[in-house]
Each structure stands twice: as structure tokens, then as C-alpha cells.
Amino acid sequence: MSMQAEVIKQIKFGIFSQEQIKKLSVAKLTVPDTYNEDGYPIDGGLLDQRLGVIDPGLVCKTCGGRAKTCPGHFGHIELVRPVMHSEFAKIVNMLLQATCQKCHRILLNDEQLGAFKAEMNKELSEETPAAEQAQGKQAEQDMLKKLKSVKKCPHCGTVQEKLKFSMPTYFYVGERRLKPDEIKDMLAKISDEDLDILGIDSKTSRPEALVLNTLLVPPVDVRPSITLETGERSEDDLTHKLVDIMRINQRLEQNINAGAPQIIIDDLWELLQYHVTTYFNNETSGIPPARHRSGRALKTIAQRLKGKEGRFRYNLSGKRVNYSARTVISVDPAIDVDEVGVPRAIAEKLTVPFYVTEWNLEEAKKLLASNQYPMVINVVALDGKRKRILDTNKEELLKEIKPGYILERQLKDGDLALFNRQPSLHRISIMAHRVRVLPGKTFRITYPATIPYNADFDGDEMNLHIPQTLEAQAEAKYLMEVQEQIFSPKDGNVIIANGEDGIIGLFALTQDDTYLDKQETEYLLGTAGIREMPKESKGHMYSGKDIFSLLLPKGLNFEVQSGNDKLKIKNGSLVEGVITKRAYGLGGGNKLFIAIARDYGFEELRRFIARSSKMAYAYATMYGVTMGVKEYIINDDMRKEKEMLLADTQKKVDELVNQYKTKKLEPLLGLTLRQSLEQMIIVELDQARSKAGYALSRNVDKTNFAMLMANSGARANILNFEQMSMFLGQQATWEGRRIKRGYYTGRVIPHMQRNDVGASARGFISSSYVDGLNPIEILMHAVGARGAVIQKGLLTQRSGYLQRRLANALQDYYVLFDSSVRDVGNNVIQTLYGGDGIDPTRVNFAKEEQREKEK
Amino acid sequence: MSRNSVNELLASLGITLNNLPKILVSDPQAQKAGAKVGDVLEMERHDFGKSYTYYRYVVEG
């Protein structure tokens, strides 16, 4: 903490005593009214001019300031009878319970008192660990609870009567109600030493101040009255409440002076208590809220502070920013990945500073003179004064500007802007985009750019900020631009890439048998902005691979092989393999992006993503990618194969069960016979499912769109296809076990044989989604689905919170130029970042290089 | 670590002793190394087949 000059060690809160209130007050208020007939504040009324002025033209009688300079001053009301402060009633109750009703000492003998005191000191000491402090707190609470049941004062021997506290402000001794003045007396007699033992600082807070004799009245600035167009005045809720208090106070005084019967006085006293209680908190439980004439509950002090729209969360924690905009987002596949489409209306409002120098003075003048769209809105002079440009002062300013002036120019294409979507859990939740001014009212981004923001277009809104200084612009450009964020700072995986139709389009285009005619080829290349033709092949046709190759950087050499799939790019042209999600999509397998970024830089990679997605969308449309139930309806051959597979599986399971029953089953290592059976059945049923999937991929046409999706990795996989077309397979509960419990003995539902361990009795479903499930299968499916949903919810919630705590704990650490990790106090956290100084976003580059070396 | 090499280390990082990560004298590993308050320990740690150097400033406690 070497950066701060002063450190706040502690803040102390106390309670104003009657004397302090009077000292603070500039006026004793006596008239329960605001303005007289002339519309002038009444002296001694609630808008007394000594409390400050808010009307322009009037002068404050206390400080002589005007509406703008007078900060406002407190006044006070003297209550004829004391009333409880409802917010502190709990503390008063604690004090009354803890002390003798006669001698007002703590109801503990000296020995116990010593122990209690020690406990208290230990807790307050800074060296005590937090856990022990909490323990101490608990011990105190227990002690205070015990004090309630003490029958006889250990000091004076007085028998304690039962004291009852009823919310919000009533106290009873036995049957008799304690009036506030009695309580005040009792509290006043508690000694300072005893208070200190109970944890109340007697120097700053005497408990008798919790029963109010005088009420501090906030300045008018806190409760301004507003004048309606009709000339009528409308007072603030707090003023209304104070009027109520004063009115009852006055009536109470008159009745007392007139010698009214005690019942009437008590009633009025009670009413005064009600008004004071609601003045502090109009949501006090146990009493009806005070209402406005219209029936609306009044907003009193507690309501002003509390909650989301209260003073703390709304005004103090809630900061607002200039040079920013917010609107709904939507897609635009035509713009570049690092661009953001900004509505014209927003671009005209937001400004970018143009720093006038001796070298750009002419340009500045031209800009300033402009009368249409990218024009100057404000001029900041040398003294920092900001002037709005109007037709009237334009000529003058044109002559005035000189180096050092700043022109605030409207946003235009190519300007840098920070784009953000909440919740900002990531550093990539805020990225720098280039502005592209577009018609319409929404921000536009491309599909690949939605992924780091986790955005979609079902009504999401996002924020745009314009960096104002050159430093900020430079930082945004070199650290935050979209292309810099393609690889994740977590593990170096690709996090900005195309998906779904972007993948399926290129998958279809790069198939071995894709040949397009000249017109189609020109159209595709045109959408991607490429102005050269690939070489002809197969007489006046062009191969899809050649067309795709034009997107690749010139001279790129690249090769990956995973299983039977091989992708080979030689000298900038795709010679073997097809584009799938593995090579082109999100995640760690995307070696193509790594190769491009490593050899050609992020700029080239961004260009590749943008252009290839445009071509992909165009080809997906041209190809006619579509989807319907028809994809999932299988032919008779497949159906036969399915039946055979199921029968076969059934036979195998029955065989296993038989072996088990006759004890011929060979148990697996470390498992009981029963467990072995279970294990073997699960394996068998699982195999059935993969066999079904395999059968599908073998027999279904390659051009079936469901197959196309699964093979390209665009969406879904063979398992999903299989579950829709063939059969669902085993439904699992927690940890992949088969469903076995129900509210019955040895079976899931009464429709089964007891102790049947076969396939269908334990949640194996042999129907497909297309065919539909029978009632028992529906139940089994629901059991499995419910388990999956619950588990998923729990997992995401927990890991999300864990991640958040970690991120918050580490957020202020940074890596210095020497690769060491420091905190704000320049303490070294690690001498070398991560122990090895490797930047995770480029860790895969190194791996690739190493692999090449090893070759 | 010797006084000289400690000073070298601090100079290279541009920090004072107090900015270094700390270890209590009562720490079992510190005791094993026979560390005294005010010493700086240099440790080789083997993670994933590579070795990294860590420093700890020994403090009271």
C-alpha cells in the first residue's frame, strides 16, 4: 500500500445526543406548515429560510449563500413527550434485559463479569483470527441470552420482573407497559463502564439518546418541494411526514397544557410514536405504512437508502459513463469480424477527439467547417472549456482554433470502439472493434464475434465505449482488437470461429466431388471479395477445393491427420481432405488457425475467418442446406438391421442373466457377481448403441443432411441421429448407473417382474424418437432427463461461483516487462509468470514448431 | 542464498526484501532447510519434468 499517502484505519459511527442535535441545529421549528398565503416560507415552519434555500433568488438566512452555494442546514423539533427510535428498539431491548430493573447494573456477578469482559476484549483485538472472533461472538450471544432468565440481581438482590418486548416499540414489565420516558430514565442510569462491557462505546453513544426528545430535521435541500406547471406546490414525502409529526406534537402539547384526561394524552402520544416510527422507516414490520392522499405509501428515510434504487446501490455504487452507447444487437454476416455496426443516430451523437497540432491545422479547419455528417460537435479550448458548435459561433471558432485545441468529431467508419456484453466474466467480454456506420437502430456483429461475448440475438443488448485519449486508443488497438483474441488466454484454444452453417458450407464445398461452373464460381468468389479465378479442371468446371484455396494465405503449407481424416494444404492450396469443425471450428483441434496465425499473423487469420465465412454462407445457401424429419426416417433395410441388432442384444443380455442365475458367470476382477453382471450388461447395451450408430453412418447416404451435419461437426453427432432414427438406448441415472429404484420391491414400477435385471426393466429403450416411446419408456426417459438437468444446473452454478471467486482474487495481478507477476504494491507473486513465462495464447504455436523440429 | 546473490536478485527485480514472497520460520520446509529469520531461500521445484526457481523470504512466525 505504498501508493497511498493516508490510510483510513477505522470509521466510527455514533448516536447524536440531545445536546449534539441542538448544537447542530440552526432553527427550532414550531409551526407545522410550509408556506404562508403569499407563497413565502414561514419562519419556524418546515421550509424555514434558515434551513437553506432552494428557490433561485432567495438568500439563506444562516450562511448568506444562494441556492447554488448554500449546502443546507439542519433544524430540530422538540417533542413534548419522548418517543422510541424504532430502528434501535432491539438494542434497547438487549440493554433492558441485561441490566437490573432497580440498580441498573449488568445482571452478572463480578466473576462472570470479568470473564465476559475478557471474551469481549479478545474479540475486539485485531490479532485474534476471524474464526475465533466469530466463536467469541457466539459466546457473547449465549451469555446475553442467559441474562434474560436471571431472576435476582447479583448486586442489589432485587427480584427481576419479566420484561417483554413487542415489535416495533413496545416494552412491558409484567402486565404494565413501559412508557418511553421511563425507558429513557432506565437507560440513562446504566453506567459507562457497564456499557463498555456490553460493547457500546459510551463516549460516542449513550443509550438514552435512543429515546428521542428532539428530532433532527434535515435541510430543505434533502427534501426539495417541486412547483407544478399549474403553480401548485408539491412537497417532498419527508416534509409531509415532518408536518404530521409537528401537528401531533402540537396537539399533544395543547392537551397536556389544558389538563386533558390521561387516556387522550396517551392516545396522542401513541400517535406521535407512530409518526416518528414511520418517519424513519415506513416499512417497519407490525405497523401499517403511512400513506399519501392517493394511497401510495410514503418514501421515508430508510426507503431512500435501501435496495437497488436506494442511495447506496443507485447513486454511490452506480457509476455512469460518458462517450458510450447501448442498444440491441443483431447479426450482419456482411461486415468484417473485427467490425461493429453502429447505427447512424448513435454515430452522430458519439464523438472522437481530434487533437489540433501545428501540422494538421488545415485539416482541422476543413473538418470544423464541414456542415454534414462527420462534423465537429464540440470544441475544447486551451483552458479546457467546452463549446458547442452552432451556426452562430462557427465562423468565430474557425478563426480561433490553434494547436492545442481539441475538436470533438462525430464517429465515423474505422474509429476504434470498445464493445462489451455483461456479465463481463472474461477479459474477452470487452473487445475493441472498428466502427462501421450502418442504417438501422441496432449494433451489428458477425457470428464468430458472438462467441467470446456469449451473445445471441434474441434481444441481447450491448455497450459501446469510445476511447478518448491517444493512449487509450493505442491500448485498445494493440491489446484488445478482436483478432488478438482469437486464441483463448486460458488454454490457447480457438474461441473466435465460425460454426454451424459456416462449417457445413465449407464442408460441402471442399468435398472431392464438388465441381462448379463458371457463374457459380464467380458468385462465390465475389461474395468473399476475391478477384481472381482458380484453375479450370474437368473441362470448364472448377473444383470446390480450388475455390476454397483462394481464401488461404499464399504459400501456406499445412498438414494434419487424425485417424483416417487427413487435411493437406500445399503451397496455399488444399490438395487433400475436407474442411470440418476439427480444422476450422472452435476448440483446441483447430490447427489450421494456429498455422495461419503463426506464419502470417493475426491480421491475416482475421481476414481468412471473415472471407471464408462469407463464402461458406453463400455456398450453404447455393447447395440448399435444409433439414426436416425426413432425414431421420430410415428405410426398410435399416429397420431390419435395427430389429436384428435389438434381438441380438436382448439375447446376449438374457444369456448373461441366465449365467448369473446359474452362477456360471465369471466375475470381473474386484467386483461381486451382481456387480459384474451389471457391468457386463451396461457394456453390452452401450455397444448396441454404438453399433447402431455405426450402421447408420455406413448405410445412410452421405448427402442426407443430418449425416452432413454430423460428419462436418456443424451440429449434432451420430449418437443424436441414432437416437432419433434407431433406438434411444440405456437411460442412465447418477454416475451412469441403470435405473433401478422405484417405490416398489425389486422393480421400478409394478408393470415389471420382481427382480428382473434385464434390459427393458432397467431403463433400456428400444424405440426411437421418430417411432415414439411407449409409456414405460417415457417414464424411464423422464427419469434420466430429470437427473441430467439437475446435475447440469448444480454443476454450472458451483463452478461458475468458484471461477468468479478465483477471478476476483487474481484480478489485480499483472505481468511486468521482466515476465514476473506483481501486485499493486509491487510485491512479487511469481518471479516468472506461470513458472515458465509462457503466454498461453501462443502456447500452441510453440507446440507446432516443436513438432516440426522433431520431424 | 548469500547476501550478495540476494542483493543481485532484488536489484534485478527492482524490489526490496519485503516485496518477495514470504515463508514462516516455523514452516516445516523452512526448518528442514535450517533457515533463520531474514534469510532468502532459493528453491528448485520440479513440475511436469521441468524445474523452476522460486524464492522465499523467511519471516518470523
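The chains referred to below are lettered A, B, ... by the order of the sequence lines, with proteins before strands, and numbering in each begins at 1.
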Bottom line for Thr16(B): the part with an atom under 4.5 Å from chain A's heavy atoms is neither

request  = Evaluate the side chain to side chain contact (heavy atoms under 4.5 Å, CB included) criterion for residues Thr831(A) and Thr53(B): first the C-alpha distance (whole Å), next the side-chain angles of each, then the deciding distance (0.1 Å), finally the verdict.
outcome  = CA-CA 8 Å; Thr831(A) 33; Thr53(B) 312; 5.9 Å; no

When the 4.5 angstrom heavy-atom criterion is applied to Asp818(A) and chain B, the contacting part is side chain

Of Leu13(B), Leu10(B), Leu9(B), the one forming a side chain to side chain contact (heavy atoms under 4.5 Å, CB included) with Val828(A) is Leu13(B)

Gln811(A) atom CD, neighbour heavy-atom count above 12 within 6.0 Å: yes

Assess whether atom CZ of Arg798(A) is packed by more than 12 heavy atoms of other residues, nucleotides or ligands within 6.0 Å. no

Say whether Asn19(B) and Asn827(A), considering side chains only, have a donor N or O and an acceptor N or O under 3.5 Å apart. yes

In short, Ile829(A) meets Pro21(B) closest at the heavy-atom pair O-CG, 4.0 Å

Here the pair of heavy atoms bringing Ile15(B) nearest to Arg822(A) is CG2-NH1, 3.2 Å

Separation between OH (Tyr52(B)) and CD (Gln830(A)), nearest 0.5 Å, reads 10.0 Å

So, the part of Asp823(A) with a heavy atom under 4.5 Å from chain B: the answer is neither

Quick check: are there more than 12 heavy atoms from other residues, nucleotides or ligands sitting under 6.0 Å from CD of Glu60(B)? no

